[in-house]
Structures are given as C-alpha cells and as structure tokens.
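Report on the structure given below.
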Amino acid sequence: VRVLLAPDSFKGSITATAAAAALARGWLAERPGDQVSCLPLADGGEGTLDVLAAATPGARWHRALVSGPGNAPVDCAWLELPGAAAAVELARASGLPLLPRPDPLRSHTVGLGQVIGPSWIRAPGRS
Amino acid sequence: VIGLGGSASTDGGTGALAALGARFLDAAGDDLPPGGGALASLAAVDTTRLRPPPAGGVTCLADVTAPLLGPLGAAAVFGPQKGARPPQVARLEAGLARLAELLGGDPGAPGAGAAGGTGYGLAAGWGAALAPGAPELARLAGLGRAVAGADLVVTGEGRFDPTSLTGKATGTVIAAAAAAGVPVAVVAGQISGAPPAAAAVVTLAGLAGGPRAGPGRSGSLAGPGRAGAGAGPGSGDPARHRLALTNVREIAVFSGSAHPDLAAEICRELGEPLLPARLRRFANDCLEVQLQSNCRERDVFLIQPLSPPVQEHLVELLLMLDAARGASAARVTAVIPYYAYARSDKKDMPRVSIGGRLVADLLITAGASRVLTMTLHSPQVHGFFSVPVDNLHALRELAGYFRGHDVSGSVVVSPDLGYAKPAAAFARRLGLPVAAGAKQRINDEQVAISSIIGDVDGREVIVLDDEIARGTSHRGAARAPP
C-alpha cells in the first residue's frame with residue numbers, strides 16, 4: 001500500500017514536517033511493509049519556507065538577525081530561490097511564538113521588513 | 001515571495017513598510033511608535049524614501065482570506081488570538097481603518113487581513129499581489145502528482161473546522177484526493193463542525209479523552225482498508241490508537257531522590273526509560289540538579305513525592321523544574337504522588353502560614369506547567385494551583401481489594417468529618433453504611449475523638465483516611481465511644 005502523509009502544521013504543537021514524520025513512524029510500526037511518503041504542507045504561515053525549500057531544487061538558506069515582534073533580536077532564516085527570487089516567512093520574523101507574552105498593541109512587523117531588505121539585495125541577478 | 005500568517009501583531013504591515021523606508025507620522029509630524037495600538041493617531045504616510053519593490057514583483061501567500069476591516073477582519077477575528085481584549089480590538093480596528101483611509105488600495109481584498117493586516121499593507125503600500133497560500137504551496141510541492149501515486153492520503157492540522165475546507169492546506173489535500181478518487185484520512189488535535197463525509201477522522205483530543213472530543217467522530221487509522229471507509233465510532237482498542245498517538249510529543253521522565261523505586265516502576269509500566277538526573281551538594285549545603293538527557297521540545301515528567309525530609313525533596317524538585325524549563329522542555333509536569341503541604345490550607349489560627357498555597361506558587365514559579373498528584377488532603381487545595389492539576393485517587397482500587405473479601409456487616413468509618421465525603425463515596429462502592437468520628441485536634445500529634453456519628457455497634461470497621469502521621473486519629477477512632 002502506498003500512503004501519502006500530507007499534514008499541515010499542528011499550530012502551537014508541532015511543525016508539518018514533524019507531524020508527517022510522526023505519522024510515518026506510527027504507520028510503519030504497525031505496517032512495516034507499506035510504502036510511506038511525506039509531503040508536509042503549509043498555508044503561508046509557519047512552515048511555508050520548509051515546503052518551498054523541499055519543493056525547490058537549488059534553494060539556499062540564509063540567515064538574518066532582525067527585530068522580533070517585541071524588539072528582541074530574532075535569528076530569522078530566509079530562502080534564496082533560483083531565478084533571482086527570494087522567499088521570506090513573516091512567522092519567522094514577527095510570529096506570535098517569538099513573544100514571551102502577547103502584546104497586541106505594541107507588537108509589530110518591523111522584522112519582516114528588515115528581512116525583506118537583505119533577501120532582496122542578496123538574491124543575485126536582480127535588475 | 002512572502003509567507004503571511006502566524007503574526008504577533010495587528011499593525012497593518014506598517015512595521016515592515018517602515019523598515020523598508022516608509023514613514024508613518026502623527027499630527028505633529030513625528031514618527032509613530034511601532035505597533036497597531038498607535039495607528040489610530042496616524043496623520044500622514046510618507047513613502048518618498050520607501051525602497052521600490054523588486055522588479056520581479058512581490059507575491060504574498062496569505063494563510064487566510066479575511067479582509068482588512070469589519071467583523072471578519074484582522075482585528076475582530078484574529079486580534080483576540082493575539083491577546084487583544086475587546087477595547088483593544090476596537091482600537092486596533094480604528095487604527096487599521098485610519099491606515100486604509102490614508103494608504104488607499106483595496107482593504108476588502110481576500111487576504112488583506114492576513115498577518116494582522118500585513119497583506120493589506122504590502123499590497124496597498126508596496127504593490128504586492130495577494131494569493132491564497134495553501135493551494136499555491138500545494139501546487140509548488142507537487143501535491144497533485146503525489147496524490148495520484150498513492151492508495152491512501154493522510155492529512156491533518158491542529159484544529160479542523162469548517163474554514164479548513166476553504167483554501168487551507170487540509171482542505172486542499174481533501175479536494176485533491178477527492179478529485180483523484182483516493183481515500184483520505186484526517187488527523188487533527190480537535191475537530192469542530194462536521195468533517196467531510198469522504199474522510200476518515202481521528203482527533204487527538206478524542207483519543208486522549210479531551211473535553212471537547214466529538215462523540216462518534218474518532219475513526220481508526222490502523223488499517224487502511226478501514227480508513228477509507230468513513231468515520232466509524234471510536235473503537236477503544238489501544239493498538240488501533242497507537243498510530244495517531246505517535247503525534248504526541250516524546251516524553252522524558254526523571255526522578256528526584258525521594259522515591260527512585262516508584263519512578264522506576266512507573267517507567268517500567270510505561271515502557272519508557274527513566275532518564276538520569278544528577279544531584280550535587282556543594283560545600284555550603286546548596287544543591288544543584290542536572291538533567292542528563294535531552295529535554296528540548298519534550299513532554300517532561302519529574303517524579304518526586306514530598307516525603308520526609310520534605311524541605312530537601314521540595315527544593316530538589318524546584319531545581320529540577322527550573323532545569324527542565326531552562327532546557328526548553330515543551331511542557332513540564334511535576335508528578336507529586338504525596339503533596340505534603342496540602343494539610344496547610346487555611347489560616348485556622350492567627351498569623352499562620354498557608355504552606356499549601358505557597359508551595360503551589362513555588363512549583364509554578366519554578367517552571368511546572370502541570371501538576372499530577374494523588375488524594376490531596378482537601379479538594380480545595382486543587383484551587384491553589386493556577387496550572388492544570390490532575391488529582392488522582394485510589395478509591396476504586398481499594399474498593400476492588402475489599403470486594404475480594406467478605407465485608408458484609410462492615411461499616412466504613414472516617415476518623416473525622418472532613419473526610420466523610422470520600423468515605424461515603426467509598427462506602428457506596430462497597431454497598432456499606434458509613435460513619436464518621438467527631439475529631440478534635442489538640443496539637444499536631446494528639447487528637448481526641450469525642451463520639452462516632454453513625455452506627456458501628458457490633459460491626460467490623462473499615463477506617464478510611466488519606467494520610468497517617470502517627471496513627472493517633474485511628475487509635476482514637478478505635479477507642480471512641482459509640
């Protein structure tokens with residue numbers, strides 16, 4: 001039997017990649033003969049870059065240090081895609097889990113803008 | 001490409017635009033502080049120094065299709081998830097409305113409300129195109145091809161609800177599987193609303209006996225033959241549940257020095273290793289604990305009854321909690337089969353400490369995110385904890401023991417009125433009458449039982465109590481006048 005495991009992330013619990021791996025472990029523990037493949041998904045939020053990285057041959061990870069949603073520095077990874085393109089993920093720069101406690105009025109997306117800057121300069125072949 | 005979703009803020013993307021060179025000014029011409037709370041005082045937007053977008057354009061992959069404003073907008077729907085109370089939601093809504101007045105664009109576009117309005121901000125302020133993220137990412141990941149080559153598809157997410165079917169990853173998978181005629185199963189932490197008829201469904205909350213588990217919605221995923229057949233009733237067979245339960249985080253169990261044998265036995269029962277912890281005593285009598293195994297993102301359990309020497313064991317547990325939290329444990333459960341300080345639960349004399357409450361606070365401050373205990377001396381001690389507490393008891397097991405003997409003609413006696421309620425529950429399990437002693441405590445070690453309420457004359461007596469220090473209550477109960 002060929003089984004495709006294609007979960008989204010379980011928000012606040014585990015990433016889509018970890019969920020797919022856990023499902024695969026459990027499935028193979030019961031039915032070791034099956035052919036199991038993992039295709040973790042995302043919707044634009046957390047895990048988006050993981051999906052893009054897995055789906056894009058030649059994608060390269062970079063890192064940038066940016067201001068998190070509460071100003072504390074955040075080590076934010078972004079992805080250089082072939083063809084002079086880059087992908088960034090707001091959740092990695094300005095995501096809710098990066099705050100020690102929610103701060104609805106003062107939290108911000110400055111970090112997203114800061115990571116867009118370098119990603120766009122670094123992506124080669126920009127006209 | 002910009003992935004939008006999971007944001008902490010509701011700033012309409014002004015933070016990102018400011019980092020790219022735009023200025024958001026108040027009536028006096030000063031820069032507004034970052035954050036959605038300040039946007040209501042926005043008077044002007046200066047984009048003269050905003051960096052131009054890349055020549056290839058900008059695509060935003062939005063996790064939701066919400067508009068910027070209104071009852072379905074970024075503030076009203078998602079503000080509360082980010083900690084905003086109703087007046088703060090109103091302030092954020094006013095700020096976003098003010099931003100939309102000055103920036104123009106289309107605040108009603110689907111996805112404008114994504115990531116606290118960042119979808120709108122990047123579209124209106126930077127010319128970004130908004131696209132629903134899930135279908136686009138599924139296409140890039142090659143979902144269609146992968147589904148076509150499968151006999152069964154399993155998808156899932158933390159919470160599956162009707163919106164999951166509209167442009168979310170799970171809905172995209174279900175649609176792709178339906179189009180290819182491949183059976184699909186959904187694993188979710190929680191299901192609300194009716195799941196689609198085509199899919200078999202397992203909820204982790206249902207498996208774990210969670211409060212909001214939908215009746216009859218737990219299916220079985222063990223055999224793919226069944227999984228495609230539709231949602232059956234929960235089978236209750238642990239082997240069938242094993243697959244879905246592997247989604248739960250890995251656990252890590254450590255023991256303090258109070259009762260390592262108990263911890264070892266618990267671990268044997270669980271089939272989990274008891275992980276090593278090192279306790280060191282410095283020359284100045286201070287303690288240090290090191291958990292000698294990985295805790296990162298694990299579900300950590302620390303086993304330590306507060307048996308004598310209580311203070312030693314308590315401090316040791318506090319240090320273990322601190323160590324686990326410092327090691328980035330996902331959740332830390334203090335397993336305290338004997339919560340000794342539970343007896344100190346009220347100010348029954350002037351100027352006495354209430355140790356039960358204080359120790360609860362200490363445990364939480366040290367890092368306990370949940371407490372597992374047994375037979376708390378009084379049930380209200382449960383309320384001293386501001387984290388979840390599971391207060392287990394053994395009345396059923398004890399009753400099972402007595403059922404193996406002839407107890408007809410016996411009576412269950414609680415040595416004091418305070419424990420009469422559990423004693424009555426215990427007596428009901430055995431179908432016996434109950435009696436209680438009227439106890440007076442003279443000091444910590446001495447009590448007097450003046451009389452027994454209830455009929456004990458000529459009967460065999462089963463005394464039920466939660467805790468014995470020296471047994472004086474029970475000697476008193478045995479001697480008490482009927």
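Numbered from 1 within each chain, the chains take letters A, B, ... in sequence-line order. Scope of the values below: all heavy atoms of this structure, side chains included, with no hydrogens, waters or symmetry mates.
Highest contact tally toward chain B, considering only A:Ala42, A:Pro40, A:Pro69, A:Ala91, is held by A:Ala42 [criterion: heavy-atom pairs under 4.5 Å]. Here A:Ser107 is the residue among A:Gly70, A:Gly68, A:Ser107 with the most heavy-atom pairs under 4.5 Å with chain B. When B:Gly15, B:Ala114, B:Gly13 are compared by the number of non-hydrogen pairs under 4.5 Å with chain A, B:Gly15 comes out ahead. Counting heavy-atom pairs closer than 4.5 Å to chain B, the top-ranked of the candidates A:Ala21, A:Gly44, A:Pro97, A:Gly45 is A:Gly44. Contacts with chain B were tallied for A:Leu99, A:Thr48, A:Leu96, A:Thr109; A:Thr109 has the most, counting heavy-atom pairs under 4.5 Å. The greatest number of non-hydrogen atom pairs below 4.5 Å with chain A, out of B:Ala131, B:Gly133, B:Gly156, B:Gly83, is found for B:Gly156. Of the listed residues A:Asp103, A:Thr56, A:Leu5, the one with more heavy-atom pairs under 4.5 angstrom with chain B than any other is A:Leu5. Ranked by heavy-atom pairs under 4.5 Å with chain A, the first of B:Val182, B:Leu143, B:Leu17 is B:Leu143. Note: B:Ala8 leads B:Gly5, B:Ala8, B:Ala330 in heavy-atom pairs under 4.5 Å with chain A. Among B:Gly142, B:Gly37, B:Ala62, the residue making the largest number of heavy-atom pairs under 4.5 Å with chain A is B:Gly37. Of the listed residues (B:Thr172, B:Thr118, B:Thr170), the one with the most heavy-atom contacts under 4.5 Å to chain A is B:Thr118.
For a residue to count as touching a neighbouring chain, one of its non-hydrogen atoms must lie under 4.5 Å from one of that chain's; by this rule B:Val153 touches chain A with backbone and side chain alike. If you measure heavy-atom distances from B:Glu136 to chain A, you find no contacts under 4.5 Å at all. A:Leu39 touches chain B through its side chain: at least one heavy atom from C-beta onward sits under 4.5 Å away, while N, CA, C and O do not. With a threshold of 4.5 angstrom between heavy atoms, A:Ser94 approaches chain B through N, CA, C or O but not through any side-chain atom. If you measure heavy-atom distances from B:Leu39 to chain A, you find no contacts under 4.5 Å at all. There is no contact between A:Asn71 and chain B, counting heavy-atom distances below 4.5 Å. At a 4.5 Å heavy-atom cutoff, B:Thr59 makes no contact with chain A through either its backbone or its side chain. Interface residue B:Asp63: backbone and side-chain heavy atoms are both found under 4.5 Å from chain A. Residue contact with chain A, scored on non-hydrogen atoms closer than 4.5 Å, is absent for B:Val64. Using a 4.5 Å cut-off between heavy atoms, B:Arg91 touches chain A through its side chain atoms alone. No part of A:Ala54 comes within reach of chain B, as not one of its non-hydrogen atoms sits under 4.5 angstrom from that chain.
When all heavy atoms of B:Ala150 and A:Leu4 are compared, the pair lying nearest together is CB-CB, 3.8 Å. Minimum interatomic distance between A:Asp8 and B:Glu157 (heavy atoms only, all atoms of both residues): CB-CB, 4.0 Å. Listed here is the closest heavy atom pair of A:Val110 and B:Pro34: CG2-CB, 4.3 Å. Closest approach of A:Pro7 to B:Thr155, counting heavy atoms only: CA-OG1, 3.8 Å. Shown here for A:Pro102 and B:Lys82, the closest heavy-atom pair between the two residues is CB-O, 3.2 Å. When all heavy atoms of B:Val187 and A:Phe10 are compared, the closest pair comes out as O-CZ, 3.3 Å.
No more than 12 heavy-atom neighbours from other residues, nucleotides or ligands sit within 6.0 angstrom of CZ on A:Arg106.
Within the 4.5 Å cutoff, no side-chain heavy atoms of B:Leu137 are placed close to those of A:Asp43. Between B:Leu20 and A:Ile116, the closest side-chain pair of non-hydrogen atoms falls below 4.5 Å. In this structure, the side chains of A:Leu112 and B:Ile2 come closer than 4.5 Å at one or more pairs of heavy atoms.
For the atom pair NE2 of A:His108 and CG of B:Asp11, the computed distance is 8.0 Å after rounding to the nearest 0.5 Å. We find the CZ-CG distance between A:Arg2 and B:Leu152 to be 11.0 Å, quoted to the nearest 0.5 Å. The distance from the CZ atom of B:Arg331 to the OG atom of A:Ser13 is 10.5 Å, given to the nearest 0.5 Å. Distance NZ/B:Lys168 to CG/A:Leu41: 13.0 Å, rounded to 0.5 Å.
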